[in-house]
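Input: a single structure, listed below in structure tokens.
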Protein chains: 2
Amino acid sequence: MAVSTQAVGKDSKYDTGEAMCPYRLVLEHITSRWGVLVLIELLERPYRFSELRRAIGRVSEKMLTQTLQTLERDGLVHRDAKPVIPPRVDYSLTDLGREAAEQVRGLALWTEERMGAVQKAREGYDARKEGSERA
Amino acid sequence: MAVSTQAVGKDSKYDTGEAMCPYRLVLEHITSRWGVLVLIELLERPYRFSELRRAIGRVSEKMLTQTLQTLERDGLVHRDAKPVIPPRVDYSLTDLGREAAEQVRGLALWTEERMGAVQKAREGYDARKEGSERA
DNA sequence: CAGCATCCTCACAGATACTG
DNA sequence: CAGTATCTGTGAGGATGCTG
């Protein structure tokens with residue numbers, strides 16, 4: 001999704017208002033850049049906020065918050081905020097989320113396995129382009 | 001994806017140069033907004049360029065071209081350009097692409113099936129928010 | 001620690017015009 | 001028909017600072 005249709009700030013109030021079958025939207029939440037990674041991590045075990053941040057690496061706090069909220073709203077992620085000081089918030093998958101995450105993990109595993117083939121395909125592609133654009 | 005990490009114009013020359021494990025990049029190509037839809041459509045049968053454009057709907061010609069090129073480079077899509085006038089170009093999945101597309105379709109089907117549950121979850125979430133932000 | 005608010009930026013994506 | 005080239009805006013996403 002670029003793939004990407006989130007935003008939860010005051011501005012664009014959930015989703016691109018665009019006319020679009022709603023299921024594509026959910027699909028984009030799941031396949032969004034950080035959505036994918038969050039779901040896969042949480043499949044392993046529950047995480048605390050900053051724990052998750054470190055585990056994923058290179059996520060800005062803002063994007064992680066946004067992603068988690070979107071996924072929570074869609075009923076895929078459960079947020080458990082303990083009323084203690086300092087605050088402690090645990091994130092885990094709901095049953096629904098677990099199903100989604102398993103699909104996503106399948107895709108991720110496939111991609112990892114097939115990276116070699118992809119790499120080779122790219123070399124071939126680039127070589128062909130290289131040859132044909134010679135002046 | 002973001003999800004989305006494509007771009008093939010003269011400017012950013014394939015991918016975000018960012019330091020990032022390469023498999024995440026492929027994953028983002030596959031899960032990108034239009035990547036997902038292209039793969040699913042092509043799983044059905046080969047398509048010509050504008051045929052595919054109509055089938056997906058709401059893709060700009062530019063984005064479709066870009067997406068197809070990225071997927072072709074990754075070895076997921078096969079491009080068959082017939083040297084006739086007017087030009088005719090058929091796109092189909094490679095074996096590699098078919099595998100990926102099946103994973104993606106699984107995810108899409110799951111999402112469609114579970115839309116009801118997602119919708120309910122959202123209503124609950126919004127209701128709770130509604131209640132707690134009352135002044 | 002786990003956020004929310006604000007500002008800024010650049011690359012993603014659309015619109016338009018042209019070509020083989 | 002199937003693209004390329006170019007221009008432009010828009011918003012995803014990062015950086016910073018503040019709060020409970």
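Here is the naming used below: chain letters follow the sequence lines, and residue numbers restart at 1 for every chain.
- Between Asp74(B) and Arg122(A) the shortest heavy-atom distance is OD1-NE, 2.7 Å.
- Within residues 78-89 of chain A, the residues having any heavy atom closer than 4.0 Å to DNA chain C are, in order of number, Arg79(A), Pro86(A), Pro87(A), Val89(A).
- As rounded to whole Å, 15 Å separates atom P of dG11(D) from atom CD of Glu28(A).
- Between Gln69(A) and dG3(C) there is no side-chain polar atom (N or O) within less than 4.0 angstrom of OP1 or OP2.
- Applying the salt bridge (Lys or Arg N to Asp or Glu O under 4.0 Å) rule to pairs touching residues 102-116 of chain B yields Glu99(A)-Arg114(B), sequence neighbours excluded.
- Partners of Leu107(B) under the side-chain contact (heavy atoms from CB on, under 4.5 Å) rule, at least two apart in sequence or in another chain, are Leu27(A), Ile30(A), Thr31(A), Gln103(A), Val104(A).
- One can place CG of Leu37(B) at 12 Å from P of dA13(C), the figure rounded to the nearest angstrom.
- The structure places CE of Met63(A) at 15.5 Å from CZ of Arg58(A), a figure rounded to the nearest 0.5 Å.
- With rounding to whole Å, Gln66(A) atom CD is found 10 Å from dC4(C) atom P.
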Show every donor-acceptor pair shorter than 3.5 Å between a side-chain atom in residues 36-45 of chain A and any protein atom, with sequence neighbours excluded, or say none if there are none.
residue  : atom : partner  : partner atom : Å
Glu41(A) : OE1  : Tyr47(A) : OH           : 3.2
Arg45(A) : NH1  : Glu51(A) : OE2          : 3.4

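- When the nucleotides dC1(C), dC4(C), dG3(D) are ranked by their closest atom to the side chain of Arg48(A), dC1(C) comes out on top.
- A donor-acceptor pair under 3.5 Å links the side-chain atoms of Arg53(A) to the main chain of Val59(A), judged by distance alone.
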Can you give me the N/O atom pairs linking the protein to nucleotides 14-18 of chain D at distances under 3.5 Å, or say none if there are none?
residue : atom : partner  : partner atom : Å
dG14(D) : OP2  : Ser60(A) : OG           : 3.0
dG14(D) : O6   : Lys62(A) : NZ           : 2.7

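- In terms of modelled atom types and a separation under 3.5 Å, the side chain of Thr94(A) and the main chain of Gly75(A) share a donor-acceptor contact.
- Computed from coordinates, the Tyr47(B) OH to dC1(D) P distance equals 17 Å when rounded to whole Å.
- Regarding contacts with the backbone of dG3(C), a side-chain N or O of Tyr91(A) is found under 4.0 angstrom from either OP1 or OP2.
- For residues 84-95 of chain B, the pairs satisfying salt bridge (Lys or Arg N to Asp or Glu O under 4.0 Å) are Lys82(B)-Asp90(B), Arg88(B)-Asp90(B), with sequence neighbours left out.
- Rounded to whole Å, the distance from CZ on Phe49(B) to P on dT4(D) is 9 Å.
- Contact of the Leu93(B) side chain with the Leu76(B) side chain is not registered, since no non-hydrogen atoms from C-beta on lie closer than 4.5 Å.
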